[in-house]
Amino acid sequence: MDLNYTPEQEAFRAEVRQFLEDNLPDDIRERVQKRLRPDKAMTERWQKILFDKGWGASTWPKEFGGTGWDPIQQIIFEEECALAGAPRQLDFGLRMVAPVIMTFGNDEQKQRFLPGIVSGEDWWCQGYSEPGAGSDLASLRTSAKREGDHYIVNGQKTWTTLGQHADWIFCLVRTSNEGKPQQGISFLLIDMNTPGIEVRPIIMLDGEHEINEVYFDNVKVPAENLIGEENQGWTYAKFLLGHERTGLANVGQWKAMMKRLKEVARQEQDGQRPLIENTRFRDRLAQLDAELRALELTVLRVLTDKRGPGPQASILKIRGTEIGQQLFEMLMEAGGQDASAHISEALELDYNGPRAGSMEATPSAGDYFNMRKLSIFGGSNEIQRNIISQLVLGL
Amino acid sequence: MDLNYTPEQEAFRAEVRQFLEDNLPDDIRERVQKRLRPDKAMTERWQKILFDKGWGASTWPKEFGGTGWDPIQQIIFEEECALAGAPRQLDFGLRMVAPVIMTFGNDEQKQRFLPGIVSGEDWWCQGYSEPGAGSDLASLRTSAKREGDHYIVNGQKTWTTLGQHADWIFCLVRTSNEGKPQQGISFLLIDMNTPGIEVRPIIMLDGEHEINEVYFDNVKVPAENLIGEENQGWTYAKFLLGHERTGLANVGQWKAMMKRLKEVARQEQDGQRPLIENTRFRDRLAQLDAELRALELTVLRVLTDKRGPGPQASILKIRGTEIGQQLFEMLMEAGGQDASAHISEALELDYNGPRAGSMEATPSAGDYFNMRKLSIFGGSNEIQRNIISQLVLGL
Amino acid sequence: MNFDLSEEQQMLNDSLRRFVTNEYGFEKRGEIISSGTGINRATWSNFAEMGLLGFTFPEDYDGLGGNAIDTMVVMENFGRGLVVEPYLATVVLAGGLIRDAGNDAQKADILPGIASGERLLALAHYEPGARYNLSHVQTTARKDGDHFLISGQKTAVLHGGQANQLIVSARTSGGVNDESGLSLFLVDSSAKGVKVDDFATHDGHRTAEISFSNVTVSADNLIGAIDEAFPAIEKAVDLGIAALCAEAVGAMEAMNAATLEYIKTRKQFGVPIGKFQVLQHRMADMFIQTEQAKTMAILAASEAGSDDLASRREAISMAKTLVGQAARYVGQQGVQLHGGMGVTDEMFAAHLFKRLTLINLLFGDADHHLAQVSDGLLTTTA
Amino acid sequence: MNFDLSEEQQMLNDSLRRFVTNEYGFEKRGEIISSGTGINRATWSNFAEMGLLGFTFPEDYDGLGGNAIDTMVVMENFGRGLVVEPYLATVVLAGGLIRDAGNDAQKADILPGIASGERLLALAHYEPGARYNLSHVQTTARKDGDHFLISGQKTAVLHGGQANQLIVSARTSGGVNDESGLSLFLVDSSAKGVKVDDFATHDGHRTAEISFSNVTVSADNLIGAIDEAFPAIEKAVDLGIAALCAEAVGAMEAMNAATLEYIKTRKQFGVPIGKFQVLQHRMADMFIQTEQAKTMAILAASEAGSDDLASRREAISMAKTLVGQAARYVGQQGVQLHGGMGVTDEMFAAHLFKRLTLINLLFGDADHHLAQVSDGLLTTTA
């Protein structure tokens with residue numbers, strides 16, 4: 001048992017840090033660190049920079065154009081990226097559909113889809129949830145009927161994050177109504193430019209456009225876009241859930257956010273003293289800091305466990321989202337009454353107008369509101385506790 | 001709306017306070033305030049003193065020997081008694097069986113049982129729970145078979161608090177196995193001296209003997225001891241639950257305990273300063289103080305509500321027990337490491353031996369352990385939340 | 001000791017509940033918010049006609065002589081419907097200050113105008129870096145002949161951009177954090193040297209940053225005695241806190257009702273999600289928290305006008321602490337129980353959540369007020 | 001970076017788990033507790049034979065050269081079975097102090113005796129009124145020729161009544177709360193002027209109040225340098241905290257197992273109560289808390305021996321905070337889920353709860369250690 005990083009790991013960290021220092025554009029760094037409005041071009045630019053370095057897919061094996069890094073390297077990379085102010089890479093392609101394609105797709109599909117993901121040319125989004133199928137995902141009704149060498153897709157998906165930018169969507173669709181609801185589901189890749197697809201924005205409670213409804217009206221999808229076997233989609237979806245290990249806890253992001261929060265607490269004034277000298281605020285900060293440390297080490301413990309995370313990954317999802325939400329809450333609270341102001345224009349890089357309170361206060365309440373999604377999306381924390389009680393505890 | 005007590009209420013409070021100053025024996029006060037081991041004789045002595053004053057039953061109407069006080073007077077009386085260090089009167093007779101006898105008993109039963117309760121001559125205990133029937137009380141199996149002018153009772157009760165002292169027990173017994181489990185239950189009063197009754201102690205986790213199992217082996221109970229109608233006992237039991245309003249929240253006791261806790265926090269040393277100057281301890285004290293204030297006013301609000309408390313009384317039970325448990329927890333924490341010591345002899349009035357830490361530390365951990373029962377007994381707090389969600393929220 | 005509303009208060013409550021339900025719907029509210037000023041003048045006139053805008057002013061100044069309990073009734077209903085008009089800013093804070101600390105001429109000048117709905121005032125007190133410290137004032141008022149020259153920066157001025165006049169606190173003596181040495185001035189928003197940055201807030205209200213650069217104010221516009229304004233400021237803020245507590249209770253009750261309705265109808269796994277025990281207990285806890293908050297809002301309203309400072313401080317801070325904590329819990333869980341819908345702008349629950357969140361921040365969050373209660377334990381002995 | 005036990009540690013773990021399960025049952029434990037000393041000598045000898053008592057001592061002194069991770073493995077199993085013997089007091093605290101701060105003669109004299117199980121030592125450090133302040137020492141050691149005269153009062157001396165020798169901290173210079181000016185002395189329990197009040201504890205261990213009245217101690221019995229004992233005391237206590245964290249994790253795992261078993265079998269309303277979703281989520285939270293506590297116990301064990309004081313302080317205090325909070329939650333909820341049975345002395349769960357509660361209090365409760373972490377934020381910049 002040794003909780004220190006090896007010299008090789010430390011050297012790797014230094015290499016990543018140096019690369020970031022040399023290659024992360026200042027405007028991108030500024031945008032991320034000031035928590036300004038996310039931007040498609042920014043994400044694509046950064047993905048391209050990483051791709052050119054050969055680091056486009058930190059979690060993929062080398063054979064598909066990935067880095068071939070081990071889990072600890074992946075963690076180090078993510079953490080350094082977050083601390084440097086790099087934007088998050090897009091999970092939907094890199095961490096969600098790609099592992100499914102690698103594992104269950106045929107060679108043609110791998111050759112066709114993986115390069116566009118790692119280079120950032122193709123923007124992917126996820127078509128899982130439907131208005132009537134949220135936590136109870138298996139009750140989904142979007143149908144795909146086989147007609148010759150195509151599927152005809154009809155139905156509606158919702159909560160499609162960043163679908164407005166997407167070139168492709170990976171969907172769970174119903175190809176059969178026989179047997180249990182889980183049994184008639186297939187995993188289909190759909191070109192967002194296909195006629196019959198309509199994307200409608202859902203405005204989030206912070207006033208931002210991040211999620212969408214996606215409507216399918218007789219959308220013709222080539223049968224070659226089916227992953228694996230028809231009606232086996234539920235198996236692939238569950239694989240995906242189990243596969244998603246490190247991203248769940250989001251430790252790198254939260255460590256960067258904690259660093260920021262500590263800085264903010266030193267900058268914001270509480271009467272004649274810095275806020276950090278307010279015992280009550282500082283105690284809560286300390287509590288959160290300890291919880292984040294526990295999460296970080298638990299992630300490392302799970303990742304280095306030969307048995308793999310299994311359903312215990314639900315712990316990471318629960319704690320990761322709870323800690324993240326509290327971080328944003330404290331950032332808002334640090335802003336005090338000034339956090340109330342909703343200055344939409346100030347989320348752009350070139351904003352130079354008036355604001356209420358500090359630069360940090362500006363995005364803080366909106367971010368806090370937005371982050372309530374963390375405990376709802378991706379399998380609500382209630383569902384995660386169901387998973388623990390059923391699969392881990394056998395209740 | 002007026003949150004002040006009326007001059008009449010203030011005068012009443014002064015009268016009660018004066019009476020307590022003049023009549024509460026010093027040794028009893030000391031025993032209570034030092035949280036020493038409770039004592040049957042003490043409870044009986046104090047009941048007799050109150051009875052002689054005409055204050056034996058603060059919640060009863062005058063016709064049965066009660067005071068005829070309104071709810072606010074009852075609250076004031078309880079609070080002053082608690083603050084003065086008077087022992088709690090025994091609920092089982094005064095607040096539990098008596099209202100049932102008054103409401104559903106016949107005249108003969110009223111004349112026979114009520115005087116012994118108010119005078120303190122008869123010690124009552126409760127026979128509701130059984131080993132297989134806790135939260136699910138209606139599944140109780142202790143049977144009472146009618147044979148001539150007697151019932152023959154067989155079975156076992158448990159969690160019988162202070163049953164070791166009791167002259168009488170009021171029991172829910174099964175007189176029929178037909179229909180729903182609730183339908184075949186009767187309410188029976190049983191003389192604890194009847195042959196066939198055996199009381200066995202259950203030692204609590206603090207090492208004290210407070211609760212008991214009561215075994216019934218062909219116990220012959222006169223049919224005249226049946227309250228109301230046969231098989232209607234569930235109705236009376238439910239009435240009792242609804243009737244028990246003010247006692248649930250235990251505000252008077254907790255106010256006295258809060259006062260004590262504040263004194264302790266001023267007395268205990270934390271290095272070179274009194275513990276109260278420790279911000280973290282004081283903040284938690286302040287939080288609890290605020291919650292107690294909210295509870296106190298909520299009780300008054302519910303009591304003065306013309307519609308009566310109804311199922312919302314579950315709020316008082318939940319919050320009252322949670323606050324009580326936290327009070328005892330903080331008293332223990334105030335004792336620090338010294339609270340660990342378990343000095344059983346020191347719970348007697350005449351103890352003069354060594355102890356660990358302050359006088360206050362001595363009973364603190366044992367009390368804290370014991371008080372975990374609060375959220376379990378009397379309908380667990382989980383059951384109370386079920387009641388709220390079903391009867392108040394309609395879920 | 002009684003918790004009953006008077007007959008008049010009950011009638012007021014009933015008519016406001018009707019108003020909010022029938023005439024302040026989700027869409028109409030949205031339109032008001034996205035309008036230029038964020039205030040609906042017709043609604044405001046309606047309030048004036050109902051007597052709401054002068055409710056707590058003396059009858060001599062076109063008021064109804066009401067008290068903080070009346071304000072509680074109003075604010076609870078405004079919370080239920082998330083009314084965004086500047087009742088708190090103009091009526092409770094500014095109007096209350098003039099009523100309690102103004103001289104006869106000022107009262108005669110201002111209160112009838114507020115009561116009729118013609119005049120909007122705002123209190124410009126908090127400053128950058130002050131956080132919730134009420135005595136932290138760096139804005140100065142320098143005597144210059146029979147005038148004062150005011151310079152400084154104010155923040156979190158509720159509805160400051162909509163007000164015709166501002167009540168501005170400024171330091172006339174003493175150090176930055178001193179309670180003594182503060183004075184209050186009435187300043188026209190259009191006066192030379194006043195610069196207002198008006199912002200929408202996340203909860204559909206308005207707030208402003210206002211700077212004062214050598215703004216000339218005549219000595220007539222001094223409110224109360226010079227150097228001695230702190231008690232009046234504290235009392236106005238305490239009345240504001242009591243009003244916010246009531247508003248939060250109304251919003252929590254609305255959140256509970258909306259959430260209950262949602263979980264009774266929304267189905268997953270073939271049953272309404274309200275059948276899941278975890279959600280049932282969550283709702284029970286939301287209900288418990290709301291009931292306790294309601295009790296504390298009553299306490300706050302009862303004590304807010306009191307001149308027994310220690311007792312008022314404890315009551316108001318206990319109330320704001322527990323109401324703030326309840327608002328956080330009920331807001332977060334209300335959203336959570338709405339699932340994905342809860343984080344969209346389409347749902348009333350999301351708007352209730354935003355208001356509940358920001359109420360906690362106004363005039364001191366739960367942490368701040370708990371610290372007040374806590375530090376109070378060092379000076380009391382009971 | 002790896003979290004795996006070595007092969008030897010895995011073997012140790014397996015054999016201790018077997019021992020606790022097969023030879024340290026509920027009834028046997030009860031008998032040990034109610035015996036005169038609260039220690040079973042046969043068990044203690046057994047520990048000696050297994051090498052446990054000198055595990056972390058150098059091989060030169062009959063030890064095995066182990067580290068704090070080994071202690072963690074031992075304590076986790078002791079926690080699982082609620083072993084009451086004085087491993088913490090004698091081996092971890094006193095033994096650790098002699099190992100880390102004693103001179104060769106002292107090590108040679110004492111460590112083999114501990115390792116063989118013949119000698120029991122205890123650390124007498126905390127004092128009345130000190131609470132958790134480690135530097136608060138009023139006991140004095142006055143130089144008198146080539147002797148010291150020790151006078152003062154010690155409290156919370158774990159297994160002090162069972163020890164042959166005491167390691168006593170005393171002030172040789174400085175003020176009451178100063179870190180400098182502390183010295184450590186080895187004192188025979190039977191020495192003239194030593195008065196021991198031995199108490200059982202609620203969790204089946206032993207604690208003592210010990211007074212020293214002009215107790216004569218030769219200069220040979222000074223441990224480490226005069227006036228400079230504080231770092232050694234702090235390190236010993238930190239090693240003790242790491243051990244307690246591991247013990248708590250074992251007890252929490254046992255509590256979870258016992259509770260899971262109970263709610264799977266206990267029926268109410270016709271079904272096992274483990275079918276109720278509220279109890280399922282409660283168990284899930286107990287499980288989550290335990291897993292995080294386990295992580296932090298590993299961190300504590302890894303850092304406890306470190307000489308990087310700031311990093312050690314943060315790690316140890318973070319661990320004790322989260323472990324203390326988890327112990328409270330798991331303890332309370334374990335009892336709650338056992339219903340009425342949970343508050344009786346018959347149930348193992350009740351005993352786990354008591355130990356978990358008191359572990360939180362030992363060497364600083366969660367509040368105290370959170371304050372350490374918090375105040376550390378004032379001096380660090382990262």
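All figures in this text were calculated on a predicted structure; none of them were measured in a lab. Naming: A, B, ... by sequence-line order, numbering from 1 per chain.
Residues of residues 359-366 of chain B having a heavy atom under 4.5 Å from any heavy atom of chain D, listed by number: B:Ala365, B:Gly366.
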### Chi angles and distances behind the ring pair (Phe, Tyr, Trp, His ring centres under 6.0 Å) call for D:His351, D:Phe26
CA-CA 10 Å; D:His351 295 268; D:Phe26 187 66; 5.4 Å; yes
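Interface residue D:Glu209: only side-chain heavy atoms are found under 4.5 Å from chain B. Residue contact with chain B, scored on non-hydrogen atoms closer than 4.5 Å, is absent for D:Ser135. If you measure heavy-atom distances from D:Asp203 to chain B, you find no contacts under 4.5 Å at all. Contact of D:Leu362 with chain B is made through backbone and side chain together, with heavy-atom distances under 4.5 Å. If you measure heavy-atom distances from D:Thr344 to chain B, the contacts under 4.5 Å come from both the backbone and the side chain. Residue B:Leu374: no heavy atom, backbone or side chain, is found under 4.5 Å from chain D. B:Glu329 touches chain D through its side chain: at least one heavy atom from C-beta onward sits under 4.5 Å away, while N, CA, C and O do not. Both the backbone and the side chain of D:Ala371 come within less than 4.5 Å of a heavy atom in chain B. Only the backbone of B:Pro131 comes within contact range of chain D, judged by heavy atoms closer than 4.5 Å. Interface remark: D:Phe276 contributes no atoms to any contact with chain B (heavy atom separation under 4.5 Å). Contact of D:Arg206 with chain B is not made at all, since no heavy-atom distance falls under 4.5 Å. Only the side chain of D:Asn133 has a heavy atom closer than 4.5 Å to any heavy atom of chain B. Heavy-atom distances place both the backbone and the side chain of D:Val335 under 4.5 Å from chain B. Both the backbone and the side chain of D:Met341 come within less than 4.5 Å of a heavy atom in chain B.
With respect to chain B, the highest number of heavy-atom pairs below 4.5 Å among D:Lys267, D:His338, D:Arg131 belongs to D:Arg131. If you tally non-hydrogen atom pairs under 4.5 Å between each of B:Ser139, B:Ala138, B:Ala334 and chain D, the highest count goes to B:Ala334. Each of D:Ile273, D:Leu279, D:Thr207, D:Thr155 has some count of heavy-atom pairs under 4.5 Å with chain B, and the biggest count is that of D:Thr155. Ranking D:Asp375, D:Leu158, D:Val278 against chain B, the residue ahead of the rest is D:Asp375, based on heavy-atom pairs under 4.5 Å. Across B:Ile203, B:Asp270, B:Ile211, the residue that shares the most heavy-atom pairs under 4.5 angstrom with chain D is B:Asp270. Ranked by non-hydrogen atom pairs under 4.5 Å with chain D, the options B:Met332, B:Arg355, B:Lys373, B:Glu268 are led by B:Arg355. Most heavy-atom pairs under 4.5 Å with chain B: of the set D:His205, D:Met347, D:Glu127, D:Arg282, this distinction falls to D:Arg282. Per-residue counts of heavy-atom pairs under 4.5 Å with chain B were compared for D:Gly340, D:Gly270, D:Gly331; the largest is that of D:Gly340. Per-residue counts of heavy-atom pairs under 4.5 Å with chain D were compared for B:Arg385, B:Gln325, B:Gln337, B:Gln272; the largest is that of B:Gln337. Looking only at heavy-atom pairs under 4.5 Å with chain B, the residue among D:Gln336, D:Glu346, D:His136 that has the most is D:Gln336.
A distance-only check finds a donor-acceptor pair linking the side chain of B:Gln164 to the backbone of B:His209 [under 3.5 Å]. Under the 3.5 Å distance criterion, the side-chain polar atoms of B:Asp136 are left unmatched by any main-chain donor or acceptor of B:Ala133. In this structure, B:Arg282 contributes its side chain and B:Leu275 its backbone to no donor-acceptor pair below 3.5 Å.
Look at B:Arg280 and B:Asp283 and you find no salt bridge, because none of the NZ, NE, NH1 or NH2 atoms lies under 4.0 Å from a carboxylate O. Residues D:Arg328 and D:Asp365 are not paired through a salt bridge, judged by the lack of any N-O separation under 4.0 Å between the basic side chain and the carboxylate.
The nearest pair of heavy atoms linking B:Met258 to B:Leu288 is CE-C, 3.7 Å. Shortest non-hydrogen contact noted between D:Gly38 and D:Val84 is O-CG2, 3.7 Å. The two atoms that bring D:Thr321 and D:Leu370 nearest to each other are OG1-N, 3.1 Å, heavy atoms only. A pairwise comparison of heavy atoms in D:Val168 and D:Lys154 identifies CG1-CE, 4.0 Å as the closest pair. Closest heavy-atom contact between D:Gln153 and D:Ser211: OE1-CB, 3.2 Å.
With sequence neighbours left out, the ring pair (Phe, Tyr, Trp, His ring centres under 6.0 Å) criterion links D:Tyr87 to D:Phe78.
Side-chain atoms of B:Thr321 and B:Asn381 form a donor-acceptor pair, as typed in the model, at a separation below 3.5 Å. There is a side-chain donor-acceptor pair under 3.5 Å between B:Thr142 and B:Glu130.
Ring centers of D:His202 and B:Phe369: under 6.0 Å apart, within the cut-off. In this structure, D:Phe353 has its ring center under 6.0 Å from that of B:Tyr368.
In this pair, B:Trp254 and B:Phe328 present their aromatic rings perpendicular. The plane angle is above 60°, beyond the 30 to 60° band.
Within 6.0 Å of NZ in D:Lys275 there are 12 or fewer heavy atoms belonging to other residues, nucleotides or ligands.
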